[in-house]
Amino acid sequence: MVFKKIITVFVILTFFLSGCATHNRTTSTVGPVPSSSYSKAVKNQVTSAPLLEVIIPVFDPGLPEDMSEEEAKEVWPELRRAEANRFALKMKDALEATGKFGAVRVTPDGSATGDLYILGRIEASNGREVAMEIEVVDISGKRWMEKSFEHEVSPDFHRDQRNKGLDPYDPLFEKAAAKIVEELGDHSLQALSDLQYIADLRFGTNFSEETFMQYMETRGNIFSLVSKPSDDDPMLARVKAIRVRDQLFIDSLQDNYVSFSDQMNESYLMWQEQSLFETQAAWEAKKKSMGLALGGVLLIGLAVLAGVSGSNSNSTGASAAGATGAILGGLAGASLLSKSFKTSEEAKVHRDALNELGQSIDMELSPRVIAFEKQSVELTGDAREQFAQWREFLQKIYAEEQTPDVQL
């Protein structure tokens with residue numbers, strides 16, 4: 001009995017003491033935070049970087065200046081011009097996927113206003129190998145980087161059913177986007193914020209150079225911020241309001257670039273698949289020849305290899321490639337690229353589609369009427385022409401505005 005009482009008292013004391021310990025551990029500090037603690041907290045805060053708006057002009061197709069040169073034989077001009085639009089859109093998609101930028105817009109040229117510009121040039125594209133040069137320049141005129149990117153498509157890419165409908169060139173743009181994000185990290189938050197301010201001021205110089213150049217100094221092609229107008233400056237507010245309309249106009253162009261890429265998608269993916277087989281066959285033949293001129297046996301071998309490549313695939317594009325290879329096996333892979341779509345009616349449809357899309361580097365747009373501040377303008381022609389007409393219209397609106405602080 002005595003033993004039971006001792007155990008009971010022990011349990012009660014243990015519970016009491018543990019309760020006290022628990023109470024002491026969970027006691028929280030309340031009341032105002034000392035200034036020293038507040039300073040430390042502010043220092044530890046992570047300030048997010050401003051999201052730069054990116055402009056991607058349609059790529060330079062990389063066409064030889066003299067199309068009669070030997071180099072020109074490796075290029076299908078109409079296809080390259082169509083690719084110039086497609087590559088710009090692919091670069092836009094890759095940058096957006098990083099989540100590190102604000103609005104990313106494809107434009108007809110580099111005259112649009114943004115914080116960062118991605119200037120691209122196609123260096124090679126034959127279905128197997130693709131290469132492009134990327135130059136990154138900010139609105140202040142400073143060059144961030146200039147670098148070439150290359151990608152080689154695996155010979156088995158199109159045979160893998162999981163890749164059906166995918167663009168084998170996508171890794172090229174992903175590599176370029178990753179490098180641009182890396183460059184972004186080399187700039188301070190203040191420098192990035194200043195770029196956004198310079199963008200507004202440089203947009204303003206389109207309408208009143210004397211008003212907005214006073215806040216910047218130039219050294220060569222480099223713009224530096226020397227001061228800022230007041231927050232309630234009516235001229236800056238006016239320009240910002242017009243710039244919003246300009247951004248909305250450029251946003252409206254994005255659907256056209258997407259539509260353009262969608263139009264060429266089926267034909268383009270077929271061309272990539274067919275060309276991969278052909279260039280692979282030519283490369284294998286060249287490798288086996290050890291630098292010697294291709295003899296009659298190797299010509300036949302090239303034709304057979306191209307035919308086998310097509311017959312082993314379930315795709316219509318690959319079958320067309322096989323038939324093409326059998327007929328044109330003695331020709332170099334580069335010349336095959338421009339002629340291969342002539343071998344069947346189905347292939348001819350795709351070839352003609354790509355030729356038509358690539359007739360001009362600028363997309364042909366339907367005429368449209370845009371209203372702004374009780375005035376309207378009809379825009380006609382291709383994307384570049386309509387963009388130029390739009391900018392002239394904005395300048396007219398600004399010039400006719402007698403009181404800059406009128407609310408829009």
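Each of Asp115, Ile250, Leu195 was scored for a side chain to side chain contact (heavy atoms under 4.5 Å, CB included) with Glu53, with one residue passing: Asp115. Considering Arg86, Met91, Lys90, Arg80 as possible partners of Phe59, the one that fulfils the side chain to side chain contact (heavy atoms under 4.5 Å, CB included) test is Met91.
No side-chain donor-acceptor contact under 3.5 Å links Thr218 to the backbone of Gly220. Judged purely by atom type and a 3.5 angstrom limit, Asp233 uses its side chain to pair as donor or acceptor with the backbone of Leu236. Side-chain atoms of Ser252 come within 3.5 Å of backbone N or O of Phe249 as a donor-acceptor pair. Looking at Gln389, its side chain does come within 3.5 Å of a backbone N or O of Thr380 through a donor-acceptor pair. Although no hydrogens or angles enter the test, the distance criterion places no donor-acceptor pair under 3.5 Å between the side chain of Glu129 and the main chain of His151. Without hydrogens or angle criteria, Gln386 side chain to Ser366 main chain gives a donor-acceptor distance under 3.5 Å. When atom types are taken as modelled, the side chain of Lys100 and the backbone of Val181 share no donor-acceptor pair closer than 3.5 angstrom.
For an aromatic pair to be called close, the ring centres must be under 6.0 Å apart, and Phe387 with Trp390 fails this. Two rings, from Tyr197 and Tyr215, have their centers 6.0 Å or more apart.
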Q: Tell me, with the steps shown, if Gln196 and Asp200 meet side-chain hydrogen bond (donor to acceptor under 3.5 Å, both in side chains).
A: CA-CA 7 Å; Gln196 294 179 317; Asp200 281 333; over 6 Å; no
Q) side-chain hydrogen bond (donor to acceptor under 3.5 Å, both in side chains) between Asn126 and Glu278: does it pass, once the steps are laid out? A) CA-CA 9 Å; Asn126 60 21; Glu278 292 170 353; over 6 Å; no
Q: Assess whether side-chain hydrogen bond (donor to acceptor under 3.5 Å, both in side chains) is satisfied between Ser125 and Tyr169, documenting all intermediate values.
A: CA-CA 9 Å; Ser125 176; Tyr169 287 179; 3.1 Å; yes
Q: Starting from the C-alpha separation in whole Å, work towards a yes-or-no answer on side-chain hydrogen bond (donor to acceptor under 3.5 Å, both in side chains) for Glu135 and Tyr117.
A: CA-CA 8 Å; Glu135 181 181 7; Tyr117 295 78; over 6 Å; no
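Heavy-atom minimum distance, Leu269 versus Pro168: CD2-CD, 4.5 Å. Nearest approach of Ala88 to Pro57, heavy atoms of both residues: CB-O, 3.9 Å. Smallest separation of non-hydrogen atoms from Phe212 and Met235: CZ-O, 3.7 Å. Here the closest non-hydrogen pair linking Ser275 and Gly127 is CB-CA, 4.2 Å. Heavy atoms only, all atoms of each residue included: Arg202 and Ile139 are closest at NH1-O, 2.7 Å. In plain terms, the two heavy atoms of Asn85 and Tyr257 that are nearest each other are OD1-CE2, 3.3 Å.
A salt bridge links Arg128 to Glu152: at least one charged side-chain nitrogen sits closer than 4.0 Å to a carboxylate oxygen. Electrostatic pairing of Arg384 and Asp382 does not count as a salt bridge here, judged by no charged N lying under 4.0 Å from a carboxylate O. With salt bridges taken as basic N to acidic carboxylate O contacts below 4.0 Å, none links Lys396 and Glu392. Salt bridge absent: Asp246 and Arg243 never bring a charged side-chain N and a carboxylate O closer than 4.0 Å.
Contact annotation: the side chain of Glu378 approaches that of Pro367 to within less than 4.5 Å [non-hydrogen atoms, C-beta and beyond]. With a 4.5 Å cut-off on side-chain heavy atoms, Phe101 and Glu96 do not count as touching. The shortest side-chain heavy-atom distance between Lys147 and Lys179 falls under the 4.5 Å cut-off. Thr107 has its side chain out of reach of Val58: every pair of non-hydrogen atoms, C-beta onward, lies at least 4.5 Å apart. Leu379 has its side chain within reach of Ile370: a pair of non-hydrogen atoms, C-beta onward, lies under 4.5 Å apart.
For Asn221, the CG atom sits in a loose shell: 12 or fewer heavy atoms of surrounding residues, nucleotides or ligands are nearer than 6.0 Å. Environment of CD in Gln214: crowded, with over 12 heavy atoms of neighbouring residues, nucleotides or ligands closer than 6.0 Å. Other residues, nucleotides and ligands contribute more than 12 heavy atoms inside 6.0 Å of the CG atom of Asp262. Other residues, nucleotides and ligands contribute over 12 non-hydrogen atoms within 6.0 Å of the NZ atom of Lys175.
Remark: Phe203 engages Phe207 in a ring-ring contact (aromatic ring centres under 6.0 Å, His included) (not counting sequence neighbours).
At a cut-off of 3.5 Å, with distance as the only test, no side-chain donor of Gln247 or Asp251 sits close to an acceptor on the other residue.
Classified by interplanar angle (parallel below 30°, tilted 30° to 60°, perpendicular above 60°), the ring pair Phe173/Phe87 is perpendicular.
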